[in-house]
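One structure below.
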There are 2 protein chains.
Amino acid sequence: MYAPERQQEILRLARDGGRVDVLSLAEEFQVTAETIRRDLKALDRAGLVRRVHGGAIPAGRLDFEPDLAERESTAADEKDRIAKAALAELPAEGTVILDAGTTVARLAGALPLEASLTVVTHSLPIAARLADHPGIQLHLVGGRVRHRTRAAVDAWALRAYGEIRADVLFVAANGFSAEHGLTTPDLAEAAVKRAAVAAARRVVLLADSAKHGEEHFARFGGLGDVDLLITDSALSAADAAAIEGGGTEVVRA
Amino acid sequence: MYAPERQQEILRLARDGGRVDVLSLAEEFQVTAETIRRDLKALDRAGLVRRVHGGAIPAGRLDFEPDLAERESTAADEKDRIAKAALAELPAEGTVILDAGTTVARLAGALPLEASLTVVTHSLPIAARLADHPGIQLHLVGGRVRHRTRAAVDAWALRAYGEIRADVLFVAANGFSAEHGLTTPDLAEAAVKRAAVAAARRVVLLADSAKHGEEHFARFGGLGDVDLLITDSALSAADAAAIEGGGTEVVRA
DNA sequence: CCCGTTCGTGCCCGATTGTGCCCGAACCTG
DNA sequence: CAGGTTCGGGCACAATCGGGCACGAACGGG
């Protein structure tokens, strides 16, 4: 039996039973658990199942995002501190744009209940989190929704950002550096980020220090577009000074 | 049972019952209270429940009037049957628009995992539910988000629906009757519904029989705009016949 | 026909995760 | 304010994970 056949069958079993587990599958297909793990990883990357400890669940069954709750726990502390520090950059009143991303989602969750703001976002999880916040006027930016990031992209999103002007944008990036600027793996998302940057008077980049020096496929701006970078204390003082030399203020939370 | 499964189930219990408590959950799932606390913490971090001493309550239900919640749960069976019946109206492939509303949300949750569709919606909960469905290309309609319904309205939404053409629209209404047509309490939502109706080749109305004869502030169309009404068996045969006389097919699930 | 490359798989081992237990602190209730 | 309940952080243990390495089969160019 070939690997793709096996994966197809695993997917069928997962959908039929609502769940599969590594050891039973290994027994069933007469292969080792490692191979099953590789299969599940492949299916997970394809977005067809959701990997869990010990097995997998077919995608679409869960209506919450485990990664938002726990998978980010590796850098959760840094992200929390960054989000906390970002609160200080919120205007007392006015309009802010929230980009997609777990750190920005933390910020959204940390918004004080008495905050009174207009928030614009193209991120589905962030919108869901803010929808019942009493003081927030929420504007959702539409578009095609990418499965992986749950963020809206493409024409509708670009046009919406082209029509507005916000006081502050909180933006995330998968990689940032003085040389290569701000990068992210997906072109469509990069385009939306670029449009959001253009729509904001002030740009605040939220990125933990692990992103520094990283470089991904799509570039959506340079550090010169960023007024303030909020990162964690693991960014070296030298790197911070280099960035500040370019005119970007740096906060190490 | 995997942790995410348990958390999903806890979330369901919380939404159904309006509340959950740590000890009962520990008993129910045969784990210790610590584990339940961790689950609740994860759900709390994801913004899906709100943690309280001794348990948790589902997020977003805080401002719900109890009688509204109760009415919702009493009609749950009907809504489920209606949603099930609506599945038969899905095209094998093509584009469908999903309006906001609890019955339509149930339809969204009941979409088979192997479905392959393009879905357009302006409802935040429905979008969240479909965002990681592997076979669905999801397009989100943006706009101002109303707190109460978590649906996007106003200019962006109207323009988006003005630009598309879908095979089927599944629409909800707070009231429907041959005389007064389709009504809902909010003008802005009515405008969006009207735009959605105009964007679809076929209009399917999902409404339990309690909505029949009800009349609300904003009217967004007549029964003549509806090709098919799916309701429950409590709608009298006479009423059904009257509606069918107007050219609208009626299914009593 | 040969041989280097690639891919799938199995094995090993340190790292991670989920869960339970414990205890001081915080919290409700009366 | 007192007493019991619940919380949350720390620790431990077992299961699982994932990266690295090796082996063998299939493939393809010379």
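Numbers restart at 1 for each chain; the letters A, B, ... are given by sequence-line order, proteins then strands.
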Mind checking salt bridge (charged side-chain N to carboxylate O under 4.0 Å, His left out) for [X] and listing every partner two or more places apart, or none if nothing turns up?
{"X": "A:D225", "result": "none"}
{"X": "B:D80", "result": "B:R106"}
{"X": "A:R6", "result": "A:D39"}
{"X": "B:R12", "result": "B:E9, B:D16"}

Next on the checklist: Need the bend value for the helix from C:dC1-D:dG30 to C:dG30-D:dC1: angle between end axes, 5 pairs each end, nearest 10°.
Outcome noted: 50°
Atom-pair distance ([atom1] on [X]; [atom2] on [N]), nearest Å:
{"X": "B:H53", "N": "D:dG4", "atom1": "NE2", "atom2": "P", "answer": "15 Å"}
{"X": "A:D44", "N": "D:dT16", "atom1": "CG", "atom2": "P", "answer": "18 Å"}
{"X": "B:D39", "N": "D:dG8", "atom1": "CG", "atom2": "C1'", "answer": "15 Å"}

Output yes when at least one side-chain N/O atom of [X] is less than 4.0 Å from OP1 or OP2 of [N], else no.
{"X": "A:R51", "N": "D:dC17", "result": "yes"}
{"X": "B:K41", "N": "D:dG9", "result": "yes"}
{"X": "B:R6", "N": "C:dG18", "result": "no"}

Next on the checklist: Please enumerate all residues that pass side-chain hydrogen bond (donor to acceptor under 3.5 Å, both in side chains) together with B:R144, with sequence neighbours excluded.
Outcome noted: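 Residues passing side-chain hydrogen bond (donor to acceptor under 3.5 Å, both in side chains) with B:R144: B:D154.
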Checklist entry - Residues two or more places apart in sequence or in another chain: which of them pass side-chain hydrogen bond (donor to acceptor under 3.5 Å, both in side chains) with B:T149? => result B:E189
For residues 240-253 of chain A, which side-chain N or O atoms pair as donor and acceptor with protein atoms under 3.5 Å away, sequence neighbours left out?
residue: A:E244; atom: OE2; partner: A:V250; partner atom: N; Å: 3.0
residue: A:T248; atom: OG1; partner: A:L223; partner atom: O; Å: 2.8
residue: A:T248; atom: OG1; partner: A:V226; partner atom: O; Å: 3.0
residue: A:R252; atom: NH1; partner: A:L235; partner atom: O; Å: 2.7

Checklist entry - Is A:D186 paired with A:R146 through a side-chain N to carboxylate O contact shorter than 4.0 Å? => result yes
Checklist entry - Where along residues 7-38 of chain A does a heavy atom come under 4.0 Å from DNA chain D, residue by residue in number order? => result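 Listed by number, they are A:V22, A:L23, A:R37.
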